[in-house]
Structure formats: C-alpha cells, structure tokens
Amino acid sequence: MSHSAETNADAYERVRHAYTDVMGVAAPEPHSSAMARLYDFVFAEVWQRPVLSRRDRRFITLACVAAADAETPLRDHVYAALSSGDVTIAEMQEMVLHFAVYAGWPKASRFNMIVDELWERIHAERGHQLPSPEPLLPLTTPSDPEDRLAVGEQAFKDVNCLAFAPTRDNPFSGAGILNFVFGEVWLRPGLGMRERRLITVTCVGFQDAPYPIVSHVYAALKSRDLSFDEMDELALHFAAHYGWPKAAHLAEAIREQKQRVTAEWADTG
C-alpha cells in the first residue's frame, strides 16, 4: 500500500511498529500533526532504509543526541542501543571515549554518566546483578614513550590515509594527537574501524571544523571502510537527528571527497 492510500490508522500502525522496533518501547501518542510526520519520517522511513544496518545507525544517532544536549533523546537512545543488544556495554563505553576526542570532554562526561545509569537500570529491570566492568589493564598500546609516539605516527598515517604525520614537538600534535588520539584511542580494541569512522564523521559533521570534515570523510572513503552509498546514507541519518543545515554542509564535503577519491583510484589503476 502506498503512503497516499493509507488511512490514518494504517499510517499510525506503521509508525508505531517502526518506533517500537527501533526504541524497544511503545511509541508515544503524537501530540500534533507535525510530530506525527516527524515520527513517520525518522522511524518509519530513515531507520528502515537499507545500506546501513540498525547497529550502524545506533552509533550515528548516539553521537548526534549526545552532542545536541538533548537529555530525553540521549537517555532513550542509550537505553534502546543497550537493551536491544545492538551495542554492548563495552562498545558503548568505548564510544564515549571516542566521542570525547571528537566532540569534547564535558559532553562526553554527561554521556558517560547516563550510560552508567541506564546500564544499571536495564539490569535492575531484568532482575540481574550488575556485572563487574572489564579491567582497563593491561593496555594493548606501548607504554614506552618513544614507541608510543612511533605507533601514533603510523596510526595517524594509516587512519587518515596520508604519507605524513604531524610534528611531535608541540603539545597539541605530540602529546594530544600522536600520543593519545592515534597512539591510544584509535588503536583500542573495544570498537572496530568501521564504528570509529561512523562516530568520527558524525562528530566532525556537527563541529563545523572545515579541515576535519574534509580529512575524515576523505579517509573513510579512501580506506573503503565506508562505501560511497554508506557515506550518503550517513548524511541522511545525520540530517534526521541533527538537522538539515549541517547535513547539507556534510553532504557537500562528501560529494567533493567522492570526486577526489575516484580520481585518485583512477590514477593508481
């Protein structure tokens, strides 16, 4: 049945089912026609599209709502991601750390507190004992400072698909970028490269920082960690959860970087 041929009851049932599938709880009654259309577009259309999995969409959405300082959506989406099993607690906690790097520590601190609170709530609702957290140590990255910087330099090149790394002799690039961001965070085993790409591109999309948008969209495409179609779908999902103006900016960067990557692939045969 086409949308135009649906009755209001049919349309609401479709949206209700889609909302429950994504969020794991009953759909709220829309209090206006605008909210009804919003639920329809976001849950019955965007979340049901192919190309990206529901799990993929969790990471994009969580980054968006954590950055937007939207308390209720953040709680709802953390709960849905964890209770559905789409994202494990270890992956969620690792996401908070990665999000902290690309969206800021204050927002990540709030995100982290909500994750802890809702993880405890889920276990209480199910009558289960809260499991012990996974131990931090031993770290899988080098502890020797020289080795750690060398690993960070190589990771910077690998992640960004570049032949160079920034200088060590600057606190931001040496201690921050090489030692921590690429010498530790990008190499941690808690999330795969695909998940880190989804989170990072989402974060740089709402930060409006021109070079990071270009560099991370380029690297995600050039590495083939995200396909052209997956990147376009990321932009649409981002638009649904963070807004069209910033999504339009991200989509333009995607268009330009697809052209750049296509030309580079052609040059290398």
V201 and F238: side chain to side chain contact (heavy atoms under 4.5 Å, CB included), yes or no, with the steps? CA-CA 10 Å; V201 171; F238 175 92; over 6 Å; no
Can you see which heavy atom on [X] is nearest to which on [Y], and at what distance?
X	Y	answer
T202	C64	CG2-SG, 3.7 Å
A163	K157	O-CE, 3.9 Å
A27	Y19	CA-CD2, 3.3 Å
R196	T200	O-OG1, 2.7 Å
C161	A219	SG-O, 3.8 Å
M231	A220	CE-CB, 3.6 Å

Does the side chain of [Y] come within less than 4.5 Å of [X]'s, by heavy atoms?
X	Y	result
F99	L62	no
P131	H123	yes
L250	Y242	no

Cluster check [X], [Y]: I/L/V/M/F/W/Y, side chain < 4.5 angstrom:
X	Y	result
I60	F41	yes
L82	V96	yes
L97	V159	yes
M113	L130	no
V25	V22	yes

Main chain of [Y], side chain of [X]: is a donor-acceptor contact present, judged purely on distance under 3.5 Å?
X	Y	answer
D158	A155	no
S215	P212	yes
E45	D40	no

Residue pairs fulfilling ring pair (Phe, Tyr, Trp, His ring centres under 6.0 Å) with at least one residue in [range], sequence neighbours excluded:
range	value
residues 130-164	F156-F182
residues 59-80	H77-H241
residues 129-153	none

Using 4.0 Å as the upper bound for N to carboxylate O, is an ion pair formed by R58 and E91? no
Considering residues, nucleotides and ligands other than R37, do more than 12 of their heavy atoms fall under 6.0 Å from its CZ? no
Plane angle bin for Y102 and H216 - parallel if under 30°, tilted between 30 and 60°, otherwise perpendicular: perpendicular
Could you list the residues that satisfy side-chain hydrogen bond (donor to acceptor under 3.5 Å, both in side chains) with E184, not counting sequence neighbours? T141, R148, R188
Which value, rounded to the nearest 0.5 Å, describes the distance between [X] atom [atom1] and [Y] atom [atom2]?
X	Y	atom1	atom2	value
L74	K107	CG	NZ	10.5 Å
I199	E94	CD1	CD	9.0 Å
D232	I254	CG	CD1	6.0 Å
F43	Q48	CZ	CD	10.0 Å
S84	R55	OG	CZ	10.0 Å
Q154	L178	CD	CG	11.5 Å

Mind checking who shares a hydrophobic cluster with L136, ILVMFWY linked at side-chain heavy-atom distances under 4.5 Å? L137, L139
Keeping to residues at least two apart or across chains, list the side chain to side chain donor-acceptor pair (under 3.5 Å) pairs with something in residues 127-136. none
Side chain to side chain donor-acceptor pair (under 3.5 Å) pairs, two or more places apart, involving residues 164-178: E146-R168, E153-R168
Residue list, side-chain contact (heavy atoms from CB on, under 4.5 Å) with R49, at least two apart or on another chain: R57, E233, L236
Do any pairs count as a salt bridge (Lys or Arg N to Asp or Glu O under 4.0 Å) and have a residue in residues 200-228, sequence neighbours left out, and if so which ones? R197-D225, D208-K246, K222-E264
In short, salt bridge (Lys or Arg N to Asp or Glu O under 4.0 Å) pairs touching residues 16-27 with sequence neighbours left out are E13-R16, D21-R54
Less than 3.5 Å apart, any donor N or O on the side chain of D56 or S53 sitting next to an acceptor on the other? yes
Residue list, salt bridge (charged side-chain N to carboxylate O under 4.0 Å, His left out) with E125, at least two apart or on another chain: R121
Only counting residues at least two apart or in another chain, list the ones meeting salt bridge (charged side-chain N to carboxylate O under 4.0 Å, His left out) with D116. none
Show the numbers, then the answer: is there a side chain to side chain contact (heavy atoms under 4.5 Å, CB included) between S83 and R126? CA-CA 10 Å; S83 63; R126 296 175 180 177; 3.6 Å; yes
Can you list the steps and then say if V115 with I89 is a side chain to side chain contact (heavy atoms under 4.5 Å, CB included)? CA-CA 8 Å; V115 168; I89 185 58; 3.7 Å; yes
